[in-house]
Amino acid sequence: MRPPFPVAIGLGLTLASGLLHAATDPHPLQPNAPRTVVVSEAATPPEVRAGLLQSTLIVLPAEEKVANVFAGDTVNWIFDGGHVASRFISVKPKTANAATDIHIVSDHGNEYTLELREVSNDPDLHFDSKVFINPGDQAAKDRLAQLPVFVPAAELDKAKQETAAAKAAQAAELKAEQTKAEQYRSEYPGSLHFDYTWDEKKGKELGLQQIWRDDKFTYLRGVFQETPALYELKDKKGSLINFDFNGGLYTVPKQLEHGYLAIGKQKVEFHREGGTK
């Protein structure tokens with residue numbers, strides 16, 4: 001018997017090439033009903049009866065796909081795993097009385113060995129049309145419930161392409177955000193307006209140093225012994241407003257027209273030039 005020869009199972013898995021040898025005396029071969037064989041490492045490999053120029057479909061468990069195939073005779077046999085990774089392998093003998101072994105490695109790491117024999121000269125002319133494989137070893141059964149250990153090349157290439165596309169999209173998004181942030185930083189100083197007035201003497205006594213605004217917020221900065229309360233003045237009536245205070249900086253989420261800071265009896269009013277007093 002020839003030593004096992006690896007059979008690639010990528011696109012166009014058929015490795016055996018050449019003209020098929022037609023039988024000089026055709027036999028009326030008949031397909032058997034589908035059957036199941038149990039494959040165990042310690043047991044003799046099950047025999048699969050193949051018919052001359054007839055296809056026998058070998059089917060792995062539903063949880064598995066074919067990762068690789070090795071065969072002893074790739075001259076007198078055709079092995080076809082299809083164009084995509086699947087659980088199916090088609091075998092077809094090209095010559096009468098041909099025999100070989102086939103060794104299947106699944107994506108879960110299970111290994112199945114079968115003996116193939118062409119039966120057109122047997123008294124019984126029935127051949128196997130479809131053979132389902134069941135693992136006989138507990139370790140092999142346990143591996144069916146685990147994640148695959150081998151990934152078909154086509155699926156790996158697809159995953160690599162999807163990963164590369166995702167990284168490219170992420171890089172483009174990051175670059176767009178950086179560009180937007182740089183544009184904002186470059187334009188932001190032009191949006192600042194220092195157009196508030198107040199009694200600077202009272203402001204100094206309270207600790208107020210500066211007031212300014214941009215297109216969304218009003219800011220007050222100072223060095224305060226205590227944090228003054230901040231009020232907005234409308235129709236000469238003061239009302240407390242929401243603000244953030246951190247390190248001597250008030251950030252008010254609106255443009256103030258008129259307001260004041262107060263601690264006890266100390267008070268300093270401010271208003272925006274051109275705004276409502």
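In this chain, numbering begins with 1 at the start of the sequence shown. FYI, side chains are in, hydrogens and waters are out, and symmetry mates aren't considered; it's all heavy atoms of this structure.
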Can a salt bridge be assigned to the pair Arg117 and Asp122 using a cut-off of 4.0 Å between side-chain N and carboxylate O? yes
Basic-acidic side-chain contact under 4.0 Å: Glu64, Arg87: no
Go through it in stages, so that I can follow the logic: the residues are Ile133 and Ile104, the test is side chain to side chain contact (heavy atoms under 4.5 Å, CB included), and I'd like the CA-CA distance, side-chain angles, deciding distance and then a yes or no. CA-CA 11 Å; Ile133 294 179; Ile104 305 167; 4.2 Å; yes
Using a 4.5 Å cut-off on heavy atoms from C-beta on, say whether the side chain of [Y] contacts that of [X].
| X | Y | answer |
| --- | --- | --- |
| Leu125 | Pro28 | yes |
| Arg35 | Val37 | yes |
| Phe79 | Ser90 | no |
| Val69 | Val105 | no |

Under the side chain to side chain donor-acceptor pair (under 3.5 Å) test, which residues partner His126, sequence neighbours left out? Asp124
What residues, two or more places apart in sequence or in another chain, satisfy side chain to side chain donor-acceptor pair (under 3.5 Å) together with Thr218? none
Test side chain to side chain donor-acceptor pair (under 3.5 Å) on Glu257 and His271; report intermediate values, then the result. CA-CA 6 Å; Glu257 300 291 333; His271 69 272; over 6 Å; no
How far does [atom1] of [X] sit from [atom2] of [Y], to the nearest 0.5 angstrom?
| X | Y | atom1 | atom2 | result |
| --- | --- | --- | --- | --- |
| Glu115 | Thr44 | CD | OG1 | 9.0 Å |
| Ser129 | Leu57 | OG | CG | 8.5 Å |
| Lys92 | Asn76 | NZ | CG | 14.5 Å |
| Tyr219 | Leu249 | OH | CG | 8.0 Å |

How far apart are the C-alpha atoms of Phe270 and Leu233, what are their side-chain angles, what is the distance that settles it, and do they pass the side chain to side chain contact (heavy atoms under 4.5 Å, CB included) test? CA-CA 9 Å; Phe270 62 86; Leu233 275 173; over 6 Å; no
Can I get a per-line list of side-chain donor-acceptor pairs under 3.5 Å for residues 136-145, giving both atom names and the distance, sequence neighbours left out?
residue: Asp137; atom: OD1; partner: Ser40; partner atom: OG; Å: 2.7
residue: Asp137; atom: OD2; partner: Glu41; partner atom: N; Å: 3.0
residue: Gln138; atom: NE2; partner: Asp142; partner atom: OD1; Å: 2.9
residue: Arg143; atom: NE; partner: Asn110; partner atom: OD1; Å: 2.7
residue: Arg143; atom: NH2; partner: Asn110; partner atom: OD1; Å: 3.1

Just wondering, are more than 12 heavy atoms of other shown residues or ligands nearer than 6.0 Å to CD in Glu200? no
CG (Leu174) with more than 12 external heavy atoms under 6.0 Å: yes
Side chain to side chain donor-acceptor pair (under 3.5 Å) pairs, two or more places apart, involving residues 240-249: none
In short, side chain to side chain donor-acceptor pair (under 3.5 Å) pairs touching residues 221-234 with sequence neighbours left out are Glu232-Lys254
Donor-acceptor contact below 3.5 Å, side chain [X] vs main chain [Y]:
| X | Y | value |
| --- | --- | --- |
| Asp101 | Gly72 | yes |
| Glu205 | Gly207 | no |
| Asp235 | Lys237 | no |
| Glu269 | Gly259 | no |

What verdict does the side chain to side chain contact (heavy atoms under 4.5 Å, CB included) test give for Lys267 and Lys202, after you've listed the backbone C-alpha separation in whole Å, the side-chain angles of each residue and the deciding distance to 0.1 Å? CA-CA 7 Å; Lys267 174 181 176 181; Lys202 291 182 179 180; over 6 Å; no
Would you please indicate yes or no on a ring centroid separation below 6.0 angstrom for Phe224 and Tyr250? yes
Tell me, please, which residues at least two apart from Thr56 pass side-chain contact (heavy atoms from CB on, under 4.5 Å). Val48, Ala50, Val91, Phe127, Asp128, Val131
Is there a path from Phe132 to Phe88 through hydrophobic residues (I, L, V, M, F, W, Y) whose side chains come within less than 4.5 Å of each other? yes
